[in-house]
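A quick write-up on the structure given underneath.
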Amino acid sequence: VNFASDNTAGVPPEMIQALIDANHGFVLGYGNDDWTRRLDDRMNALFGRDVATFLVPTGTAANALALAHITPPWGGVICHQSAHIMTDECGAPEFFGGGIKLIGFPGDDGKLSLATLKQAISQYSARRPHQVNAAALSLTQASESGTIYRPAEIAALCETAHAAGLKVHMDGARFGNALSRLNASAADLTWKAGVDVLSFGATKGGAMAAEAIVFFDPKLAEWMPERRKRGGQLLSKHRFIAAQFEAYLEQDRWLAWARHANQMADRLARRLGEAGIEVVWPVEANLVFAIFPKEIDARLKAAGAAYYARRPSMLPPGVKLPAEAVLARMVTSFATTPEEIERFGDLIQKR
Ligand SMILES: Cc1ncc(COP(=O)(O)O)c(C=O)c1O
């Protein structure tokens, strides 16, 4: 049973087939190929407007290049304190952004509230030239706590951000998990709510290595081709990254795979609840956080189950981690099976 991350899963056969199908003949590099052209059209159709799409191989590159593009080197990016850009990208946004400053704030359920954003903006919009000024807001969808921003929440945050001159970035490493849970379109969750640029992840959803930076106003993407190239993120055999994204979007596979992952997370949360285990945040995507007594943690680990322990400081205020317990994060994927969930549940209940 492996719930360490959604990237521990392999790649669905449809994705491998798309790579095999793309693997013949001689094709120009750097995006001058039919796969990339078709994907551009498909992205326009998915979002219901002309967008500017840039494919990169990692989510870190997508976030870092997108943030670097919308934030001047002396600007600040407001984000949640648990945001992947803050905690897990080894300073890539700061590096690609020439020294931009990420400013993390707390927020219930892994999300930033409107009140926090307003306070953050007022704290970081004065004292020029001595202090970094807020230039961008970054939201993670689904969040690092496995929760989802609703379109109305995004719209309110974007309105406040834009009124203060900030641009809005969305880290959509798990965009499919968020979208497949809501009765909304990809447009509702992004530009219609005010998002300026999306890191649209496919890797966690099933691709081998495919992420897209999507600008909803192509004018904002001016000089992005150079930024991606200069950052070493323009693949020469570009057809293979476009072919992956094409296969991901075709027949709405990405949504079906994400829906499956979400359903497996629901099932896991139910099973944990039945076993008397406390689940920490509402399970809205494919992440489940739970407090495991140490002996259960040891039993699961001894049986070969994989998941990560998270920092107790991630816990919401008022929830205290007992001394003999761990905060465990379980991540499901397109490849998770009901049998794995049952095995995991049985191990927990074997008292
Ligand atoms: C929320 C979020 N954003 C971005 C990423 C970036 O992924 P990568 O490992 O491809 O750089 C991850 C991966 O864990 C993530 O969880």
Side-chain angles (χ1 to χ4, degrees), residues 2-11 15 54-68 77-97 102 104 107 109-112 136-149 154 168-181 189-190 195 197-214 228 231-233 235 241 244-245 248 254 258 261-262 265 281 283-289 306-311 314 328-334:
N2 196 310
F3 296 141
S5 177
D6 19 22
N7 63 15
T8 60
V11 174
M15 199 62 80
F54 298 85
L55 298 181
V56 292
T58 72
T60 298
N63 286 339
L65 294 175
L67 289 170
V77 178
I78 293 170
C79 59
H80 193 279
Q81 64 189 16
S82 312
H84 196 267
I85 53 172
M86 276 293 283
T87 61
D88 286 286
E89 298 190 354
C90 199
E94 294 93 326
F95 172 70
F96 281 101
L102 305 188
D109 296 343
K111 300 195 289 186
L112 281 180
L137 164 68
S138 180
L139 305 172
T140 312
Q141 181 76 315
S143 80
E144 285 77 4
S145 295
T147 52
I148 294 175
Y149 288 95
I154 303 168
V168 181
H169 165 253
M170 178 173 275
D171 175 354
R174 298 187 178 87
F175 187 64
N177 300 94
L179 188 63
S180 68
R181 182 70 88 173
L189 222 49
T190 54
V195 173
V197 58
L198 169 71
S199 298
F200 184 178
T203 310
K204 289 180 190 301
M208 190 180 290
E211 310 281 315
I213 305 168
V214 180
R228 178 176 56 168
Q233 302 299 322
L235 295 198
I241 191 168
Q244 289 177 66
F245 230 107
Y248 185 64
W254 65 300
N262 291 352
W281 286 288
V283 175
E284 297 184 333
N286 61 326
L287 289 89
V288 180
F289 291 82
Y307 51 84
Y308 285 121
R310 303 312 262 186
R311 286 179 295 274
M314 247 191 113
R329 185 194 75 163
M330 276 76 59
V331 190
T332 55
S333 73
F334 69 89

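Start at 1 and go down the list; that is how both ligands and their atoms are numbered. Predicted model, so just to flag it, every value in this text is computed and none were measured.
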Using side-chain heavy atoms (C-beta onward) and a distance below 4.5 Å, is K111 in contact with W281? no

Are S199 and E211 close enough that some pair of their side-chain heavy atoms sits under 4.5 Å apart? no

Contacts of F245 that satisfy ring-ring contact (aromatic ring centres under 6.0 Å, His included) - sequence neighbours left out: F200, Y248

Does F3 have any ring-ring contact (aromatic ring centres under 6.0 Å, His included) partners at least two apart in sequence or in another chain, and if so, which? F344

Ligand 1: which residues have a non-hydrogen atom closer than 4.0 Å? T58, G59, T60, N63, H84, E89, T140, E144, D171, A173, R174, K204

Identified side-chain contact (heavy atoms from CB on, under 4.5 Å) counterpart of I213 within the set L55, L198, V56: V56

Give every residue pair that meets the salt bridge (Lys or Arg N to Asp or Glu O under 4.0 Å) criterion with at least one member in residues 198-208, sequence neighbours excluded. D6-K204

